[in-house]
Amino acid sequence: MRKRPSTLADVARRAGTSTAVVSYVMNNGPRPVAAATRERVLAAAAELGYRPNRIARALRSRTTGVAGLVLADASNPYFGALARHVERALEGRDLLTLVGNAGYSAQRQRHLVERFLAAQVDGLVIVSADSVGDVAEVAEAAGVPAVYVHNGPPGAPVAAADNQDAVREAVAHLSGHGHRHIAFLAGPDDEGPVGVRRAAWQAAVPGAELLRCDYSRAAADALTRRLADAGTLPHALVTATDEQAIGVLSGAWARGVAVPDRLAVISLDGTPESAHTAPALTVTEQPLQAMAEQAVALLFDEAAAPLATRAALIPRRSCGCGGGDLDLLS
């Protein structure tokens, strides 16, 4: 037989106080509770396994204590790492996070936003891979605050890194290693931050070679092999994403191309696993924690304003710097 869940009244009886006092403790107000009484209530709640009823609290406060997080693609390590930081930032505000995966589909992204609004979330964080449509407008029309992270349509609130500065720093670093013709590996189009990165590279290295492939390791691996076979592989390369950079390293290894001696590589994402490639990737590390915290501040703090944060360059072996990694490709 299933055990009846403990109630507010059960906790009050065990702690020897009123249900109102227990409510004040569980909801951090609206009235203060003496420290000794608070400890007694929390101890009673722990003994009974009491969990606050979110639905009842939502009816009282007209908030659910839940936020929605829409990811561009949950399988991409960059978006996965960003999602972890967003979830922690929301948890710091006592908010539970519902996560939905758009799979790079604008249609599914809008569908998820509508589903989250139907669930009466208190706010929406949208990690969008492209700038097609402003789904934040749908949320705002429903009276729910929404913010973009990493990328968003023009005029929408976005918590993002300074992509132009990141590219300039990557190019300057490769130039410091003696490279003059620094190629850039973009995606199949110039949507979102990659377009900003490509434009910044073109301004810094006019006339250099622009390469394109899908945002996958397999596509970048295949491209690198083709260029190596044709004898047209550049000597220095900035990749738009870590997924592409890892594919480049794989393709270079398959064709016996020494990294960084024959091919120097810098990536513009800086996901945690970029430190564990062979050789370890030099990256401009996106400030994911700062971006996540800024996004949540934009959701709930009226005084907050979007501010592009710096992506710091982390020098490792793939560009020619010493990093102490196991250099299996050189």
Side-chain angles (χ1 to χ4, degrees), residues 1-71 74 77 79-101 112-113 115-127 139 142-147 149 159 271-272 287-304:
M1 185 175 177
R2 186 176 179 182
K3 183 180 177 182
R4 178 181 67 84
S6 299
T7 66
L8 208 69
D10 295 329
V11 177
R13 279 193 294 271
R14 178 65 65 90
T17 186
S18 68
T19 55
V21 168
V22 175
S23 176
Y24 299 154
V25 172
M26 294 301 166
N27 294 295
N28 291 316
R31 294 186 180 180
V33 177
T37 303
R38 181 181 183 83
E39 289 179 11
R40 197 164 71 246
V41 168
L42 292 174
E47 289 171 11
L48 294 170
Y50 171 75
R51 290 181 175 82
N53 187 322
R54 281 188 176 270
I55 296 175
R57 185 166 65 182
L59 291 172
R60 290 193 303 270
S61 64
R62 294 187 180 181
T63 62
T64 59
V66 176
L69 170 59
V70 180
L71 289 180
F79 294 123
L82 182 54
R84 287 194 294 273
H85 286 292
V86 171
E87 186 175 11
R88 288 179 193 138
L90 289 168
E91 192 175 70
R93 304 226 178 193
D94 196 29
L95 288 165
L96 181 69
T97 307
L98 295 179
V99 182
N101 176 32
L112 286 168
V113 167
R115 290 291 300 274
F116 285 154
L117 292 175
Q120 297 185 331
V121 294
D122 294 338
L124 277 171
V125 179
I126 304 158
V127 184
V144 176
V147 65
V149 187
T271 52
L288 301 184
Q289 181 177 346
M291 289 161 60
E293 291 174 351
Q294 183 185 151
V296 174
L298 287 169
L299 269 185
F300 300 111
D301 298 340
E302 291 184 4

Give the table of side-chain donor-acceptor pairs shorter than 3.5 Å for residues 293-303, with sequence neighbours excluded, one pair per line with atom names and distance.
from   : atom 1 : to     : atom 2 : distance (Å)
Glu293 : OE2    : Gln289 : NE2    : 3.1
Gln294 : OE1    : Leu307 : N      : 2.7
Gln294 : NE2    : Leu307 : O      : 2.8
Asp301 : OD1    : Arg93  : NH1    : 3.0
Asp301 : OD2    : Arg93  : NH2    : 2.9

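Judged by distance alone, the side chain of Asp122 and the main-chain N or O of Gly65 form a donor-acceptor pair under 3.5 Å.
The salt bridge (charged side-chain N to carboxylate O under 4.0 Å, His left out) check on Arg40 picks up nothing, with sequence neighbours excluded. Residues passing the side-chain contact (heavy atoms from CB on, under 4.5 Å) test with Ala290 are Pro287, Thr309, sequence neighbours excluded. Shown here are the side chain to side chain donor-acceptor pair (under 3.5 Å) partners of Glu39, two or more places apart in sequence or in another chain: there are none. With sequence neighbours excluded, the residues forming a side-chain contact (heavy atoms from CB on, under 4.5 Å) with Leu98 are Val66, Phe116, Val121, listed by chain and number. Taking Glu91 as the reference, nothing meets the salt bridge (charged side-chain N to carboxylate O under 4.0 Å, His left out) condition, with sequence neighbours excluded. With sequence neighbours left out, Leu71 forms a side-chain contact (heavy atoms from CB on, under 4.5 Å) with Leu69, Ala74, Ala83, Val99, Val127. Residues forming a side-chain contact (heavy atoms from CB on, under 4.5 Å) with Ala43 (at least two apart in sequence, or on another chain): none.
Here the closest heavy-atom approach between residue Asp10 and residue Thr7 is recorded as OD2-N, 2.9 Å. Summarising the geometry of Thr19 relative to Ala12, their closest heavy-atom pair is N-CB, 3.8 Å, with the distance given to 0.1 Å. Closest non-hydrogen pair, Ala139 versus Leu124, comes out as CB-CD1, 3.7 Å. Taking both residues in full, the closest heavy atoms of Arg14 and Leu48 are given as NH2-CD2, 3.4 Å, listed atom of the first, atom of the second, then distance. Ala292 approaches Ala89 most closely through the heavy-atom pair O-CB, 4.0 Å. Across all non-hydrogen atoms, the minimal contact from Val41 to Val11 is O-CG1, 3.8 Å.
Side-chain contact between Val113 and Val70 is present, with at least one heavy-atom pair separated by less than 4.5 Å.
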